[in-house]
Amino acid sequence: EERRLLTAIAERLGKILERHQVQEQLNQHREELARVSRLSTMGEMASSLAHELNQPLAAVANYVRGCQRRLTSGAWNQDDLVQALAEAGNQAERAGQILGALRDFVAKREPRRVPADINKIAETAVDLATTEARVRGIAVRFAPAQGLPLVLADAVQIEQVVLNIVRNALEAMSKTCSNGGEVVVGTAAGKPGEVEIAISDSGPGLPADATEKVFDTFYTTKPEGMGIGLSISRSIIEAHRGRLWVTSNDDRGATFRFTLQTCHGDHGHAV
Ligand code: ADP
């Protein structure tokens, strides 16, 4: 009896998420897109939306299907199901946050920069990338510096930047490394008034003439690529008055770095 109830709930949840919530958000977003004409092309925005939303939506579908499968087979325990449904909820919320961040980006509104802990932001992005990394057999290591000052940041936007760079790294490494390898996300004190975030991989790296090109809109070397992830990332960082660039590692792979301003740097003297 309990099982049947839970199956029904999982089924309903799946449908609600798929049809109602997500669909409605997409519709809302489409309406907004129609109104906003600042971004160069609608296609550009639509592509970026698809790119960024794909991950959390696929995760929601997976969790819900997983629940359904376990309930149907009869082999389930309550903790697992509660955990999976909670995760589905988190990912659905994540999709909503991304839409919000993209909406702000389309509107070219100044990012809402508030004092934030860069290590928390970076760790959230690392957590979000963990599942995809595990599937690819690659580790994502978080290497935070301690005692960093607060930065001025729109946390969700910066999470998106880190996540996008980490995902690129995972994709690049999947092509060359049959197994193993790691992506390191580190934070460090940069120049005075700045902190620096570095994401380095041990993939194939970049040709010397590509270190600027990769930030061009529509530059991609992937068959299914959109070539907008890094150009959006750079816009976001520049709107934060930071810099984003990439260098080749001495041994192999590439390191993407960006800076953010500290609260101190922005306001003159700390209180
Ligand atoms: P997309 O991922 O859709 O191609 P991006 O703007 O995110 O768009 O990336 C542009 C290009 O930059 C990629 O197609 C790839 O050629 C290159 N690139 C990005 N990150 C890396 C990396 N970590 N290692 C090697 N090449 C990379």
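FYI, side chains are in, hydrogens and waters are out, and symmetry mates aren't considered; it's all heavy atoms of this structure.
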Item checked: For Thr255, side chain to side chain donor-acceptor pair (under 3.5 Å) partners two or more places apart -> Asn249
Notebook entry, point to check: Should Tyr63 and Leu81 be regarded as members of a common hydrophobic cluster, given that ILVMFWY residues are connected when their side-chain heavy atoms come within less than 4.5 Å of each other, either directly or indirectly?
Noted result: no
Note to self: Side chains of Gln261 and Arg113 only: does a donor on one sit below 3.5 Å from an acceptor on the other?
What the structure shows: yes
Note to self: Using a 3.5 Å distance criterion without hydrogens, assess whether the side chain of Thr187 forms a donor-acceptor pair with backbone atoms of Ala145.
What the structure shows: yes
Checklist line | For Arg94, side chain to side chain donor-acceptor pair (under 3.5 Å) partners two or more places apart | finding: Gln97, Glu159
Next item on the list: Any chance you could lay out the side-chain contact (heavy atoms from CB on, under 4.5 Å) test for Ile165 and Leu244, step after step, and finish with the verdict?
Entry: CA-CA 11 Å; Ile165 294 172; Leu244 167 64; 4.0 Å; yes
Notebook entry, point to check: When hydrophobic residues are tied together by side-chain contacts of less than 4.5 Å, even through go-betweens, does Val162 share a cluster with Phe215?
Noted result: yes
Check: Under 3.5 Å, side chain of Asp201 to main-chain N/O of Val183, donor-acceptor pair present?
Finding: no
Next item on the list: Name all residues meeting the side chain to side chain donor-acceptor pair (under 3.5 Å) criterion together with Glu123; count only those two or more places apart in sequence or in a different chain, and write none if there are none.
Entry: none
Check: With Glu194, which of Arg243, Arg257, Arg241 fulfils salt bridge (charged side-chain N to carboxylate O under 4.0 Å, His left out)?
Finding: Arg243
Notebook entry, point to check: Checking side chain to side chain contact (heavy atoms under 4.5 Å, CB included) against His240, which of Leu152, Asp154, Val161 comes through?
Noted result: Asp154
Note to self: Which residues pass the side chain to side chain donor-acceptor pair (under 3.5 Å) test with Asn62, not counting sequence neighbours?
What the structure shows: none
Next item on the list: Quick one: do Ile158 and Ile236 satisfy side-chain contact (heavy atoms from CB on, under 4.5 Å)? Show the steps, please.
Entry: CA-CA 8 Å; Ile158 302 303; Ile236 290 174; 4.3 Å; yes
Margin query: According to a hydrophobic-cluster definition based on side-chain heavy atoms being under 4.5 Å apart (Ile, Leu, Val, Met, Phe, Trp, Tyr only), do Trp245 and Phe256 belong together?
Written below: no
Check: Under a 4.0 Å N-O cut-off, is there an ion pair linking Lys175 with Glu171?
Finding: no
Check: Is the backbone N or O of Gly229 less than 3.5 Å from a side-chain atom of Asn164, with the two atoms forming a donor-acceptor pair by type?
Finding: yes
Item checked: ILVMFWY cluster, Ile197 and Leu170 together (side-chain gap under 4.5 Å) -> yes
Check: So does Lys222 have more than 12 non-hydrogen atoms from other groups sitting under 6.0 Å from NZ?
Finding: yes
Next item on the list: Could you list the residues that satisfy side chain to side chain contact (heavy atoms under 4.5 Å, CB included) with Arg70, not counting sequence neighbours?
Entry: Trp76, Asp80, Ala84
Checklist line | Val195-Val184 co-clustered via ILVMFWY side chain contacts under 4.5 Å | finding: no
Check: Which is it for Glu132 and Arg167 under the side-chain contact (heavy atoms from CB on, under 4.5 Å) test, yes or no, and what are the steps along the way?
Finding: CA-CA 8 Å; Glu132 183 178 346; Arg167 254 187 230 149; 3.1 Å; yes
Notebook entry, point to check: Which pairs, with at least one residue in residues 204-216 and sequence neighbours excluded, count as a side chain to side chain donor-acceptor pair (under 3.5 Å)?
Noted result: Glu212-Arg234
